[in-house]
Structure formats: C-alpha cells, structure tokens
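Along the sequence shown, the residues carry numbers beginning at 1.
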Amino acid sequence: MNIVKAKSAGFCFGVDRAVQLTYDLLKEGRRVATLGPLIHNPQCIADLESKGAFTARSIEDIPQGCEVVIRSHGVPHAVYEALRQKGFAVHDATCPFVRKIQKIAQKCGDEGKTLLIAGDASHPEVQGIMGHTCGEVFVFADLAELKRLMMPRNVQKDVIVVAQTTFEVKKWLECRDFLKKVCTNPSIFDTICNATWARQQEAEELSRECDLMVVIGGRHSSNTQKLFAVAAKHTRAVLAETAEELTEEMFRGVHRAGVTAGASTPSPIIEEVLSKMSEVNHEENMNFGEMLEQSFNTPVYRNKEVRGTVISVTPSEAIVDIGAKSTGIVHISEMTDDPSAKMEDLVKKGDELDLVVMKVNDQEGTTQLSRKRLEASKGQEEAAKACEDGTELEVLVTEAVKGGLVALYKGLKVFIPASQATLRRGEDYSGLVRKKINIKIIECSGRRVIGSVRAVLSAEADAAKEKFWAEVEVGKHYTGTVKSLMNYGAFVDIGGVDGLVHISELSWNRIKHPSEVVSVGDQVEVYVKDLDAENKKVSLGFKKAEDDPWAKFKAEYPIGTVFTAPVVSITKFGAFVRILPGIDGLVHISEISRDRVEKVSDVLSVGQEVTVKLIGVDFDNKRISLSMKALQEPAEDAEAEDAEETEE
C-alpha cells in the first residue's frame, strides 16, 4: 500500500497562533481560561487542561483571576464589552481572516445593508460574525437554503455576502454565481481562508487517485467535516480522531491511501496515524525476488513528487532516472519560462532534481516531469502564508497584459491589477516588466493569486511621510521630483510628501503656466516657505535670490542712467519698455516728447527700440519711471541754434 500525505494537512495559521499563545501563557505561569474549547480537537484540549488551562462554557464560568483567551473562531462584539466590565485581561487570538469578516459585518450594519453569511448558523465563528453587525443578517448552508431565503424576502438590493472561513468551496462558488444573477450589484467577499481552499482542493485531487482517504480531525470540527465530505465524493473515506480508531480491515485491498487532516489537528496525531498505517502496510512474507522487483517498480502517478538524477541532456530536454521502470523526461518548457534558455545551461549529467509527475504513459514507458510545477506548488504555499501574515515577496514581472501585470514567484503566476501596480492611479507601470520588485499578496484563493505593489509603496510612503514631518522646518532645502502640473503651480515630491510651488514662485518673469518653467519628472531644488502641519500642507519656494532681476537692476541702473531698450506694450497712458527680463519701465505719455502727444501709438510701436533715461524708481511697489523727453533739447534752445546757423 502506497501512503500519500497531503501537504496542507494540520494546523492552519489561525489555529496554530491561538494554540501557541495559550501554551506560552501557561509556560509563564499565568492562570488561563479559554472561552469555549480553544480548538475542535479533544486531544489538544485535554493536553491544555492538563497544563492548567480552564475551558469555560460562558463568561459566568470563568474563575476570577484568570486571563481570558478568545479562540480563533472569534466572538460577538458584546462579549468583549462583558469581559471588560468584569475586569478580565483578554488575549484575542481571533484568526485574522475571521477578523476581516467581522469588520465587513460591522460596516454592513453601519451602512444599513443586509448581510448574508454562507455557513453553519450554529458554528461559533458565524455567531461571532453575526454579533458584529447591527443590521439585518441571514445565514444559509447551501444553494437550496439560499434560494428559499431569497424567495420570500426582498433582499435583492444592498446585499453584502461573506462566507464562513471553513465553508465548502464548491458550495460557495454555486451560491456566489446564483447571487450574481438574482441580486442587483451585490457586494460579495471571498472570505474562505487560503488554508481551507488549499486543503479542499488537495483533498479532492488526492481522493480521485486513491482507493481510500483517511481524514484526521475532531468530529465537531467544521473544516474536518468539509474535508471528509469532499473526499467521500470520489472514493471511500474514513474519519478518525486518533490512530487507535484505525483497523487493519479498513485497509484490506487498498493499494493507495491518501491522508489529510483538518486545521485543528495537531501534528503529533497526524504522525501517529501515519505510523499506524505503516504498521498495517508492513510486508511480512515478501521474498528477495519480490522485493527486488518492487525496487524497480516504484509507483509513479500524477502530482507525485519525486527526486531524480539527470542521465542525459539535450538542448530541449533532460532524461531523468526516478527509480521506476519508465523513463523520466523533463522538457525545457517545464524547467523555465525563459524562451531563449537551453537545457545544457540549466542542468548537467549527474544533477539531482526535485520534480513532480505530470503524466504517465505506460504504453510508451515514459513519465513527463516538471520542475516548474513543483516550484509553483511550493510557491503557492509560501504565497498563502505571506497573504496571512502580510510579509513581502520578491517577484519577477514577466509581462504587461490587459488590466495589469503578470509576475512569477518560484514558478507561481501572480497577477498584479493595474490599480495595484503603482502608488497613484493612472501612472505608467510598463517599466516594471523584466524587473524584480517587492509585492504583498492580497488574495490567495486556490490558484488565484493577486499581488500588490501599491501596498508596499504605500507602506514605504507612510514611513517616509512620518520621517518628513518629524524633521521638516521652514527654510530647509530639498531635491524633489515634479509630480504634476496645475494652472496655479507645480506639485513636487520631496520625500513622500508633495509640496506646492505656486506659479508666482516658479519664475521672476510673468508666466501663464508652470509648463513654461518645469515638466513632470524634472529634478528641482526647492526650499520650504511655509508649513501647515495640521492639514499636512507644504508651500515651497523655487526662485533663487541671486537670480532676482530687481537686485541686478538696483546694482546696475542708478537714477539718470540712459539706455536703449525695446517697447513691449502700449497703453493709453504710456509705453512699457523692457529693461531686463522680468522688469519693465513706464514711459508716461507726458514723457514721450516735448511736443504734445495725443495718442501714444502715433509716436511709438511695439518692438521699437527707444533711448530712455531712468528718472524714478519705487522699489517697494516695483515701479520704474522712464523718460524720452528728458533726452530731447528744449524748443527755445533748438530755435536759438537754428538762428545762429542762419546768421552764419
């Protein structure tokens, strides 16, 4: 009998967290009480109680002086308040996945919407979720019950739908599809936890290939019951809480047995079951010839993990000895996603490879193997864990597709939606292709793995903002990047915070739009002009004092200076002459000529070069007075000169 243990068997993240917390408290000598059985496993509960833990049926049962552990199922909001009023110290071990559903339920009630829960109404997790909403709530166990629920009640609008974390995946998908058809824009949240998705999927695949499935776990455990139901659809299945429940008769005629376990099953119990099965499987009367034949006939089957030795290599494939009669073949496409790679560059004769069986062809005597799929399977496990605990993963972005990016993590494909590819919506993300980046896994449901660059960048931005506001002060200089342009100025990123350079601060000259001075992406030197810490606003300066044209004018143009300059504009009362870039002086109509001027445009035109004299400056109001008349001779002097010339 070949025994195959499911990879996902045993404690899930939430249960392991709760159990470890309780054991740690007991080791510290604390008096601990759990509100209800910590997990649905009598053996684990018995061990905890032997170490001093007290299992309370209700708040009234909790002995005074105990510290209370909230189990991973969670509790209604009212329970927290009751414990607080009684003065108990509380250690909340509610599973993060359950906590997420509770927050959805609370928001649902706050918005006055109807909450639908796929699950067991009597299960403590579901009761806890119901206790976090103040609105209308209904629970359904399957599609038939959901249909009966929907018929008499008008709950088609403003519906929010969640699932118990251990709900059966296939039932959930059926119910979800039905709700999308009968409800108007329902808000549906896939809240079955990653561990449940993985366990049920693995149990289904394994049960299709086995003569018997052994499901280990407490009979009152919801997720164990779901595993048993999934396995029993495809093969004979037995549910056992301990190894003592297994008998030799159960395995009579069984050539291949699969083993899985619920999320509340401790690893020692799983090991005891495997040991008991191995004892039953012991061959007592096998002769040497039979044993030799068996050694050359190691059973191989789809999805089995094997270790093999490379015996030959070609550019497109490797031949691998996996200790079986059939020849193991790994094609280059199952080794790497790099289309330009050659097998000789990846492996050589004698290398040992960990692989997974894709297909067995007994007629041809070949077995198709894959390293990519094995890595993807391991990557799936790590991605699920990263999703649970919020850690970052480094991935390689392989391509940009419609709606986002595709990345690889140890052979596992991860989709990054466009909305999660950058910190700000609308930013170009195509430059990330073929680069290694850090992401957070925000969804890991079966083979659907969603990643977020935005979550990483957002966390970095928050840290940068906190550091900025702790260190910023008026007058401090920064090198920033222009992020956007508006009619009234430019926003510049100066380290996680965007400050505004008003259009009047971009140039000493008059400009109509910031694009005349800067462009998006430019690196600029700025300084802090003003701060509004309460509203998190920063005003930035850009103009440099040494470039101030008024400073140059004051130094180089004393009163009485005569110079030639162009007319830049004409008004009814005079003409403006450009002295320096950004500085114009006015030649008043009365200062144009000693003769009477009725209309400025009769004498001057835009672009005309004129010689003027500086006759006055108001630096406070930045006004300059110029005169052409002052350079002209008085009429009587001119007449006298003409007379002298005539006499001569």
State, to 0.1 Å, how close [X] and [Y] come at their nearest heavy-atom pair, and which atoms those are.
X	Y	answer
Ile117	Met130	CD1-CG, 3.8 Å
Val474	Asp530	CG2-CA, 4.4 Å
Val453	Ala421	CB-O, 3.5 Å
Gln200	Val169	OE1-N, 2.7 Å
Ile416	Ala407	CD1-CB, 4.2 Å
Gly451	Pro417	O-CD, 3.6 Å

Does the side chain of [X] reach to within under 4.5 Å of the side chain of [Y], using non-hydrogen atoms?
X	Y	value
Gln420	Lys440	no
Val161	Leu115	no
Lys435	Val397	no
Leu586	Phe573	yes
Ile503	Ile511	yes
Ser222	Gln164	yes
Phe140	Leu116	yes
Phe54	Val32	no

is_close_aromatic(Phe88, Tyr80), centroid dist under 6.0 Å
no
Does the ring centre of Phe563 sit less than 6.0 Å away from the ring centre of Tyr557?
yes
Assess whether side chain to side chain contact (heavy atoms under 4.5 Å, CB included) is satisfied between Leu393 and Asn438, documenting all intermediate values.
CA-CA 5 Å; Leu393 297 180; Asn438 282 358; over 6 Å; no
Would Asp177 and Lys181 count as a salt bridge (Lys or Arg N to Asp or Glu O under 4.0 Å) if you check the C-alpha gap in whole Å, the side-chain angles of each, and the deciding distance to 0.1 Å?
CA-CA 7 Å; Asp177 292 342; Lys181 293 177 182 177; over 6 Å; no
Would the distance check show the side chain of [X] and the main-chain N or O of [Y] forming a donor-acceptor pair, the cut-off being under 3.5 Å?
X	Y	value
Thr571	Gly574	yes
His502	Ala490	no
Thr22	Ala18	yes
Thr133	Ala105	yes
Asn621	Arg623	no
Asp618	Asp620	yes
Arg84	Val79	no
Glu516	Lys512	yes
Asp522	Val524	no
Arg71	Pro37	yes

Let me know which of Tyr527, Phe468, Phe542 forms a ring-ring contact (aromatic ring centres under 6.0 Å, His included) with Tyr478.
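Considering Tyr527, Phe468, Phe542, a ring-ring contact (aromatic ring centres under 6.0 Å, His included) with Tyr478 is found only for Phe468.
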More than 12 foreign heavy atoms under 6.0 Å from NE2 of His91: is that the case here?
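Counting neighbours around NE2 of His91, more than 12 heavy atoms of other residues, nucleotides or ligands fall under 6.0 Å, so yes.
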Could you tell me whether Lys103 atom NZ has more than 12 heavy atoms of other residues or ligands within 6.0 Å of it?
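Open: at most 12 neighbouring heavy atoms sit under 6.0 Å from NZ of Lys103.
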Show the numbers, then the answer: is there a side chain to side chain contact (heavy atoms under 4.5 Å, CB included) between Phe553 and Val617?
CA-CA 10 Å; Phe553 174 79; Val617 181; 3.9 Å; yes
Can you tell me how far [atom2] of [Y] sits from [atom1] of [X], rounded to the nearest 0.5 angstrom?
X	Y	atom1	atom2	result
Leu83	Ile70	CG	CD1	5.5 Å
Lys107	Lys113	NZ	NZ	7.0 Å
Cys95	Glu125	SG	CD	7.5 Å
Leu35	Asp61	CG	CG	9.0 Å
Thr191	Trp172	OG1	CH2	5.5 Å
Leu408	Thr398	CG	OG1	5.0 Å

Assess whether salt bridge (Lys or Arg N to Asp or Glu O under 4.0 Å) is satisfied between Glu505 and Lys529, documenting all intermediate values.
CA-CA 10 Å; Glu505 281 295 323; Lys529 286 195 67 179; 2.8 Å; yes
Does this structure show an ion pair linking [X] with [Y], if we count only N-O contacts that are shorter than 4.0 Å?
X	Y	value
Arg448	Glu443	yes
Lys536	Asp532	no
Arg30	Asp24	no

Check against side chain to side chain contact (heavy atoms under 4.5 Å, CB included), Val492 and Thr481:
CA-CA 5 Å; Val492 179; Thr481 303; 5.7 Å; no
Verify side chain to side chain contact (heavy atoms under 4.5 Å, CB included) between Asp584 and Ile624, making sure each step is shown before the conclusion.
CA-CA 7 Å; Asp584 297 337; Ile624 301 173; over 6 Å; no
